[in-house]
Amino acid sequence: MTSFRSDLLRIFQERGFIHQITDPEGLDALAAERKVVGYIGFDCTADSLHIGSLVQIMMLRWLQQTGQQVIALMGGGTTKVGDPSGRDESRKLLTDETIEANLAGIRRNFAPFLDFAGGAKPAVMINNADWLDELRYIPFLRDVGRHFSVNRMLTMDSVKLRLERDQPLTFLEFNYMLLQSYDFVELAKRHGCNLQMGGSDQWGNIVMGVELGRRVADAALFGLTTPLITTSSGQKMGKTAAGAIWLGEHRLPAYDYFQFWRNTEDADVGRFLKLFTDMPMDEVRRLEALAGAEINEAKKLLAFEATRLLHGAAAATSAAETARKVFEQGVAGGDLPTIERPRDALAAGIPLYRLVAEAGLAKSNGEARRLVEQGGIRVNDAAAGDPNRAVTLADCISDGAVKLTAGRKRHALVRPG
């Protein structure tokens, strides 16, 4: 294991953020003098990021906390092309209006983690559309394209994977690598940026940017990637049966976010405490050494700290209290996902399978029927086997609502409106 001098790389190494670095010694020397200006790019494909991007956001957080300069690059320009990395098919092309709306939503994801106002080096947010939208095609090909070998580009994972699976790769997507590399050089010229970070699937694109900076600007640039984050069972981080775990509360309530972390597999607790919280390492090591029933205390702390970082201490405390009531006392808490249905509709009775689907405990009416028939749904903690069973006002006994439970850990409330 490399012994780093800088706080930045020591923290990155100790907490498990480092997969590859283009020049570890050079970057360590720069970081030791607090002269790193680092960025990560985020394309605007939705109006919120999900926790697949959280490792990258935490890296920017540590970058700022160790006295370096942080740039959060919004891909207002590159989103119009679509990153082919790790995908079998092209991304859906979005309108300029949708991209702008998505960008506004994503901005809000960063506010809890980075300081954009105070301190000696406030973080900055930049949109690569500022320069990419103004590019002239022939000059770009002449000045930038000539430094890229098609032979080498075909060996990059983002391209090779698509070709090996006999999936089409459009010429538009093929240009993404050039544009990402150009972003790095443009940030170096405009803002003195010298470090690009990203997931391991971005290694090829990052290396290309480092080399382009050396060739066209004689710039000393660095690249750092994180390992692919999966759960111990091999599942990609943030992918669940219920869908993506979003950072925006308009897409995922704080309680559901808390519950995602609370349900972490035992073997992942220590690793996730390192990556997704800023708890001191001595405390992390104590918690990851717990075993048996005691590991649940570590999971509660993981859930609380992760939720506190994103949604604030009050939301984390409320989610923790709701979880305690639901799981330890068997009553409903105020933060459970809730749907309202007209009082007269509930008076007449609504089929159980419909409410299960509408509450998000199943993806469709058909899946809801199967869940109920297989004994996977409880109404007010009582087993239910008939998907057509009418849920009525008489069932509203849990804090004035009906509590629906899927499996052991997913709950929702149905309240009369």
Side-chain angles (χ1 to χ4, degrees), residues 2 4-43 49 53-75 78 106-107 109-128 130-131 179-214 217 219-227 229 275-276 278:
T2 306
F4 293 115
R5 294 192 299 118
S6 65
D7 289 341
L8 176 66
L9 292 191
R10 281 193 286 105
I11 288 171
F12 276 180
Q13 183 178 64
E14 189 173 37
R15 301 186 86 96
F17 286 103
I18 297 176
H19 180 57
Q20 292 172 293
I21 307 178
T22 54
D23 175 7
E25 293 79 13
L27 180 59
D28 189 37
L30 206 64
E33 297 179 15
R34 298 189 176 184
K35 293 183 178 179
V36 170
V37 181
Y39 93 96
I40 300 176
F42 302 86
D43 278 347
L49 299 174
S53 298
L54 191 54
V55 166
Q56 317 308 326
I57 295 174
M58 290 300 295
M59 290 180 78
L60 292 178
R61 180 177 173 84
W62 284 115
L63 198 70
Q64 185 172 50
Q65 291 191 357
T66 55
Q68 320 294 338
Q69 177 66 58
V70 168
I71 297 173
L73 182 67
M74 298 294 99
T78 42
I106 290 172
R107 280 195 185 104
N109 295 156
F110 288 88
F113 297 93
L114 301 175
D115 182 358
F116 288 94
K121 295 180 180 179
V124 294
M125 187 170 283
I126 299 170
N127 186 351
N128 63 13
D130 293 347
W131 55 83
L179 297 177
Q180 184 171 333
S181 300
Y182 184 73
D183 279 348
F184 199 177
V185 174
E186 197 67 20
L187 287 171
K189 290 178 180 178
R190 295 180 180 220
H191 302 281
C193 183
N194 47 32
L195 171 65
Q196 181 183 176
M197 302 183 294
S200 57
D201 61 337
Q202 296 295 315
W203 178 249
N205 293 352
I206 291 174
V207 168
M208 288 290 200
V210 169
E211 294 182 359
L212 182 65
R214 175 176 54 79
L221 305 181
F222 302 87
L224 187 155
T225 60
T226 60
I229 307 299
L275 291 169
F276 300 114
D278 49 15

Which residues pass the side-chain contact (heavy atoms from CB on, under 4.5 Å) test with Ala111, not counting sequence neighbours?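 In terms of side-chain contact (heavy atoms from CB on, under 4.5 Å), with neighbours along the sequence ignored, Ala111 is linked to no residue.
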By side-chain contact (heavy atoms from CB on, under 4.5 Å), Gln69 pairs with (sequence neighbours left out) Val37, Lys121, Val124
Rounded to the nearest 0.5 Å, how far does [atom2] of [Y] lie from [atom1] of [X]?
| X | Y | atom1 | atom2 | answer |
| --- | --- | --- | --- | --- |
| Ser53 | Ile106 | OG | CD1 | 8.0 Å |
| Lys189 | Leu187 | NZ | CG | 11.5 Å |
| Ile71 | Ile126 | CD1 | CD1 | 4.5 Å |
| Met58 | Phe276 | CE | CZ | 8.5 Å |

What pairs with Phe42 under ring pair (Phe, Tyr, Trp, His ring centres under 6.0 Å), at least two apart in sequence or on another chain?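 Phe42 satisfies ring pair (Phe, Tyr, Trp, His ring centres under 6.0 Å) with Phe110 once adjacent residues are dropped.
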Any non-hydrogen side-chain atom of [X] less than 4.5 Å from a side-chain atom of [Y]?
| X | Y | value |
| --- | --- | --- |
| Leu8 | Gln68 | yes |
| Leu224 | Leu9 | yes |
| Ile57 | Leu49 | yes |
| Leu114 | Phe116 | yes |

By salt bridge (Lys or Arg N to Asp or Glu O under 4.0 Å), Arg190 pairs with (sequence neighbours left out) Glu186
Those residues that, when tested against Asp278, pass salt bridge (Lys or Arg N to Asp or Glu O under 4.0 Å) (two or more places apart):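 So Asp278 forms a salt bridge (Lys or Arg N to Asp or Glu O under 4.0 Å) with Arg61, Arg308.
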**Request:** Please test Tyr182 against Asn128 for side-chain contact (heavy atoms from CB on, under 4.5 Å), starting from the C-alpha separation and ending with a verdict.
**Result:** CA-CA 10 Å; Tyr182 184 73; Asn128 63 13; over 6 Å; no
Whether the side chain of [X] engages the backbone of [Y] through a donor-acceptor N/O pair (distance < 3.5 Å, no angle test) should be reported.
| X | Y | value |
| --- | --- | --- |
| Asn205 | Gln180 | no |
| Gln64 | Asp115 | yes |
| Asp28 | Arg10 | no |

What pair of heavy atoms forms the shortest contact from [X] to [Y], and how long is it?
| X | Y | value |
| --- | --- | --- |
| Leu60 | Met197 | CD2-CE, 4.0 Å |
| Gly209 | Ser181 | N-OG, 3.4 Å |
| Val36 | Leu63 | CG1-CD1, 4.0 Å |
| Leu221 | Ala188 | CD2-CB, 4.0 Å |
| Met59 | Thr226 | SD-CG2, 2.9 Å |
| Pro112 | Asn109 | CD-O, 3.4 Å |

message = Go through it in stages, so that I can follow the logic: the residues are Phe12 and Phe4, the test is ring-ring contact (aromatic ring centres under 6.0 Å, His included), and I'd like the CA-CA distance, side-chain angles, deciding distance and then a yes or no.
response = CA-CA 10 Å; Phe12 276 180; Phe4 293 115; 9.5 Å; no
Practice task
Begin with the C-alpha distance, continue with both residues' side-chain angles, and end with the deciding distance and a verdict on side-chain contact (heavy atoms from CB on, under 4.5 Å) for Asn127 and Leu73.
Solution key: CA-CA 6 Å; Asn127 186 351; Leu73 182 67; over 6 Å; no
Any donor-acceptor N or O pair under 3.5 Å, side chains Gln196, Gln202: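 Absent: no donor and acceptor within the cut-off.
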Establish, from distance only, whether the side-chain atoms of Thr66 and Asp7 form a donor-acceptor pair under 3.5 Å.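 Thr66 vs Asp7: no donor-acceptor pair found between side chains.
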Evaluate Val210 against Arg214 for side-chain contact (heavy atoms from CB on, under 4.5 Å), listing each step before the verdict. CA-CA 7 Å; Val210 169; Arg214 175 176 54 79; over 6 Å; no
Could you go through residues 16-27 and list every donor-acceptor pair under 3.5 Å that involves a side-chain atom there, pairing it with any protein atom two or more places apart or in another chain?
unit_1 : atom_1 : unit_2 : atom_2 : d
Thr22  : OG1    : Gly223 : N      : 2.9
Asp23  : OD1    : Gly26  : N      : 3.0

Q. Quick check: are there more than 12 heavy atoms from other residues, nucleotides or ligands sitting under 6.0 Å from CZ of Arg34?
A. no
Take Met208 and Phe184, measure what side-chain contact (heavy atoms from CB on, under 4.5 Å) needs, and give me the verdict at the end. CA-CA 10 Å; Met208 288 290 200; Phe184 199 177; over 6 Å; no
